[in-house]
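A note on names: the letters A, B, ... follow the listed sequences, proteins ahead of strands, and every chain is numbered from 1. Keep in mind that what you see is a predicted model, and the values were worked out from it rather than measured.
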Amino acid sequence: MDQPDAVIHQPVRLKIMAALKVMPESELLEFVRLKTIVGATEGNLGAHIATLEGAGYAKVIKDFNGKKPRTRVALTKSGRRAFEKYVAYLRDIIDQAEG
Amino acid sequence: MPVSQNDAADALRDIDQTQQRSARLYGYRVASPHLIVWGVIWAVGYTASYFRPQWQAVWPALVVIGMVASFWFGARTQPQGAVKFEWRYAATFAAMAAFISAVFAILPPVTGAQTGAFFPILVGFFYTLIGIWCRGVRMLIAGVALVALTLFGFFYLQPYFALWMAIVGGGGLVLGGIWLKAA
């Protein structure tokens with residue numbers, strides 16, 4: 001990979017991907033918790049999640065928990081693979097500089 | 001759009017920090033219902049022990065209820081569509097039962113209060129270890145507080161110890177579980 005994945009390279013989206021990657025596969029993370037972890041505003045987070053969803057890296061599930069609306073997010077398989085490739089790309093840069 | 005070595009190092013550090021935070025909060029969410037269930041069980045058991053000391057047989061029944069509830073919550077945290085028997089819960093209970101049996105064989109408790117203090121201290125010790133290794137400050141605080149309050153009750157409130165443990169031990173676990181859930 002000569003160039004970083006532009007979708008993941010954006011700092012907020014990188015944090016979103018990192019937060020979701022550490023969850024067990026198929027585990028959904030609630031939007032409000034993701035907001036706490038990433039430290040982004042609601043609108044900003046929503047826009048970046050939409051970008052990740054558009055790239056096929058994240059899936060968004062909207063449902064109700066009792067009577068309360070709930071939005072949950074998870075990485076897709078291709079999202080997990082893309083994140084792993086991106087991390088490997090970063091490690092390569094450091095290894096090359098050190099080697 | 002080349003990425004410099006410094007940018008790469010910063011990005012990896014960001015990833016590491018975010019993943020630690022996410023894993024910690026996920027751990028809190030998984031642990032929370034277990035604390036609440038065992039808090040309720042302790043509250044019921046110690047209250048029974050205080051007001052009806054002859055009802056000691058209530059404890060095995062409560063422990064079975066707690067184990068079933070723990071299995072259920074464990075199964076619920078499995079990924080969707082993968083709900084199955086989690087052997088690690090069974091193995092954990094078996095290992096704890098063996099450890100407790102060995103300790104009591106070597107150092108048999110003389111009084112009921114000693115037995116009543118031993119279990120909360122053991123649980124508090126485990127929470128403390130989890131807090132240290134998973135960098136979960138809330139878990140660490142819950143563990144240290146549980147041990148400290150148990151020791152305080154054992155040494156200074158001996159006549160009311162079971163009641164103390166029902167309120168502080170049981171209630172403390174319930175509040176601790178709610179606190180973790182709110183994180």
Side-chain angles (χ1 to χ4, degrees), chain A residues 1-40 45 48 59 61 63 65 72-75 77 80 82-99, chain B residues 1-34 36 70-89 130 133-139 177-183:
Chain A
M1 194 197 292
D2 295 322
Q3 294 292 322
D5 184 327
V7 175
I8 305 178
H9 192 57
Q10 201 284 335
V12 176
R13 289 199 289 272
L14 178 62
K15 284 185 181 178
I16 295 170
M17 296 285 284
L20 294 175
K21 175 68 169 58
V22 84
M23 306 283 291
E25 215 164 323
S26 304
E27 185 78 26
L28 298 157
L29 187 59
E30 286 192 31
F31 184 89
V32 284
R33 283 185 182 270
L34 190 55
K35 193 167 76 115
T36 308
I37 294 166
V38 173
L45 185 63
H48 286 302
K59 61 181 174 192
I61 293 176
D63 59 3
N65 184 19
R72 292 180 296 165
V73 190
L75 282 190
K77 278 197 191 325
R80 284 182 175 267
F83 183 77
E84 283 162 10
K85 274 175 75 175
Y86 182 79
V87 171
Y89 166 79
L90 294 177
R91 293 220 167 99
D92 276 352
I93 292 171
I94 290 172
D95 289 347
Q96 280 168 17
E98 285 173 354
Chain B
M1 187 173 37
V3 177
S4 71
Q5 188 196 358
N6 283 343
D7 288 344
D10 286 347
L12 285 172
R13 195 166 37 250
D14 267 356
I15 289 169
D16 188 44
Q17 286 171 353
T18 306
Q19 290 194 322
Q20 277 182 24
R21 203 176 310 141
S22 183
R24 186 169 59 243
L25 290 181
Y26 178 70
Y28 286 165
R29 190 164 60 108
V30 170
S32 157
H34 295 279
I36 293 170
S70 285
F71 277 119
W72 188 71
F73 284 120
R76 267 185 27 156
T77 57
Q78 296 293 312
Q80 287 174 340
V83 175
K84 60 177 194 277
F85 176 75
E86 176 52 89
W87 65 270
R88 283 177 298 187
Y89 284 102
I130 293 169
W133 282 95
C134 300
R135 303 182 191 197
V137 178
R138 291 186 184 219
M139 207 69 183
I178 293 168
W179 190 40
L180 291 188
K181 199 174 180 184

For Arg91(A) and Leu12(B), which heavy atoms make the closest approach, and how far apart are they? CG-CD1, 4.2 Å
So which residue, Ile15(B), Leu25(B), Asn6(B), ends up with the most heavy-atom pairs under 4.5 Å with chain A? Ile15(B)
For Ser22(B) and Ala19(A), work out which heavy atoms get closest and say how close. OG-O, 2.8 Å
Side-chain ion pair, Arg29(B) and Glu27(A), N-O less than 4.0 Å: yes
Rounded to the nearest 0.5 Å, what separates atom CZ in Arg24(B) from atom CD1 in Ile37(A)? 9.5 Å
Looking only at heavy atoms, which two atoms of Ala11(B) and Leu90(A) are closest? And how far apart? CB-CD1, 3.6 Å
For a side chain to side chain contact (heavy atoms under 4.5 Å, CB included) with Gln19(B), tell me which candidate from Met17(A), Lys21(A), Lys15(A) qualifies. Lys21(A)
